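Note sheet for the following structure.
What's counted below: heavy atoms across the whole structure, side chains too, no hydrogens, waters or symmetry copies. Not measured: the values here are computed from a predicted model.
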Protein chains: 2
Amino acid sequence: MNAVNESPRRKELTRLAAQLFVQEGFDRTTVRMLAQEMGIKSGSLFHHFRDKQEILAAVIEEGTQNALSLARQALENCGDSARERLHAMARAHLETLLTDRNAHVVALYEWRRLDAAARDHLSHLRDAYETLWEQVIDEALEAGLVHGDRFLVSRFVMGALNWTVRWYDPEGARKPEDLAHELVAMIAPATQRTAAESTKV
Amino acid sequence: MNAVNESPRRKELTRLAAQLFVQEGFDRTTVRMLAQEMGIKSGSLFHHFRDKQEILAAVIEEGTQNALSLARQALENCGDSARERLHAMARAHLETLLTDRNAHVVALYEWRRLDAAARDHLSHLRDAYETLWEQVIDEALEAGLVHGDRFLVSRFVMGALNWTVRWYDPEGARKPEDLAHELVAMIAPATQRTAAESTKV
DNA sequence: GGTTTACACTAGCGCTTGCTTGGTTGATCT
DNA sequence: AGATCAACCAAGCAAGCGCTAGTGTAAACC
């Protein structure tokens, strides 16, 4: 029973679990269903994970880690202007929501099923991610790009972005890039100043 | 076993069920927990509802009906300008999210637990509500109050509003009215005059 | 060559689940 | 006074749940 390791087998199992958790919900997904999806018997599952809770925690941790590193990377590789940084964050957020969709849906919908210990550990990760966002929002406010209350603006933006998992169609014409652009345009109209940016759309 | 009636007792039970579903989630709420909360034995529960699914459907229907009638009422009692109508809708949405919070949280989080029949029936109700929203968004776009893609703007706005159930504190200083005002200000800044909009599109 | 390790299996324990059954109560109607 | 009816209860069934115990096996390591 190896609890904390990160074997490639365990990672693959985590991926499959995420898929099932999205399809059925955590509570309705039985260890027998998980095992079958993984091609093993239900007993064998507990060699890889201490209990069912740990599978949930593994799924959410995986998704959050990816989101965090993708966001950091996006901020490093973009320009310095508040608009560019805001756009980069929105785009990174939507891209991880797309590529790691299952994990993120689980994180959004099944967070409350985590036990106290796992929730405590994972909320630190999530806080780190949200701090990144608040910094970028602050910059946008200072630059006069967006107006309003710091707390409310960041909540509204996170809501608009996270809500996409409910309606976004990966097969459709719209790319994460497009959504990010449209969102930034909606809350920070390009009509004022910065003549260099009036080319898009 | 009266299935479709609307006795006051049933309404009260529905309210209690909504509270439990929010606290524990639908799957983890057992019929025994529901019965205890209602002050009856688990067997008696099935006199009021055909099965557990029907309780869930009743909770969601109640919430959606209230949201719909509140929104219609708000649109009747507000001014004609696109801004006023947008603000009225946002405010009505947030107010029903506050007063019927439990029912709406259940609708948002447990929708997928509905069986096909209930989901079909309730999605018509929800569509009626979303149609109201899209009309108001359309008016805002035509009036030049907001810019962007019709579909995306309405999805972003709905996301920002619905996300509030995750962080809004009814005991806090902010009223639904304030949130609505701030949201409208964010996506439709008041700085520009209505006449000065001739340059766009 | 012997021991360890990783991974899988079978079998089932103890418990909870949604729901059913058969029956009782007290108020209301005829 | 008898019938009706909504509302409730005690008891329990069949199925399914998470998880454990004990064992087998093939590759890796000393």
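- In this structure, CZ of A:R28 is placed 13 Å from P of D:dG18, rounded to the nearest angstrom.
- Across the protein-nucleic acid pair, B:Q36 atom CD and D:dC9 atom P stand 12 Å apart, rounded to whole Å.
- With B:E139 as the partner, the salt bridge (charged side-chain N to carboxylate O under 4.0 Å, His left out) test is satisfied by one option alone out of B:R85, B:R83, B:R150: B:R85.
- Across the protein-nucleic acid pair, B:F49 atom CZ and C:dG18 atom P stand 15 Å apart, rounded to whole Å.
- Within 4.0 Å of A:K41, counting heavy atoms only, lies at least one base atom of the nucleic acid.
- Residue B:H48 has a polar side-chain atom (N or O) positioned under 4.0 Å from OP1 or OP2 of D:dC8.
- B:R32 places its CZ atom 7 Å from the P atom of C:dG18, with the value rounded to the nearest Å.
- Here the shortest heavy-atom pairing between B:Q19 and B:E37 reads NE2-OE2, 4.3 Å.
- Rounded to whole Å, the distance from CD on B:Q53 to P on C:dG18 is 12 Å.
- The side chain to side chain contact (heavy atoms under 4.5 Å, CB included) search around B:E182 returns A:D149, A:L152, A:F156, not counting sequence neighbours.
- Rounded to whole Å, atom C1' of D:dG18 lies 15 Å from atom CZ of A:R50.
- In terms of phosphate contacts, B:R9 brings a side-chain nitrogen or oxygen within less than 4.0 Å of OP1 or OP2 of D:dC8.
- A straight line from CE of B:M38 to C1' of D:dA6 spans 17 Å, rounded to a whole angstrom.
- Distance CD1 (B:I40) to C1' (D:dA10): 14 Å, rounded to an integer number of Å.
- Heavy-atom minimum distance, A:S44 versus A:H48: O-CD2, 3.7 Å.
- Using a 4.0 Å cut-off, no side-chain N or O of A:H47 falls inside it from OP1 or OP2 of C:dA8.
- OP1 and OP2 of D:dA7 both lie 4.0 Å or more from every side-chain N or O belonging to B:S44.
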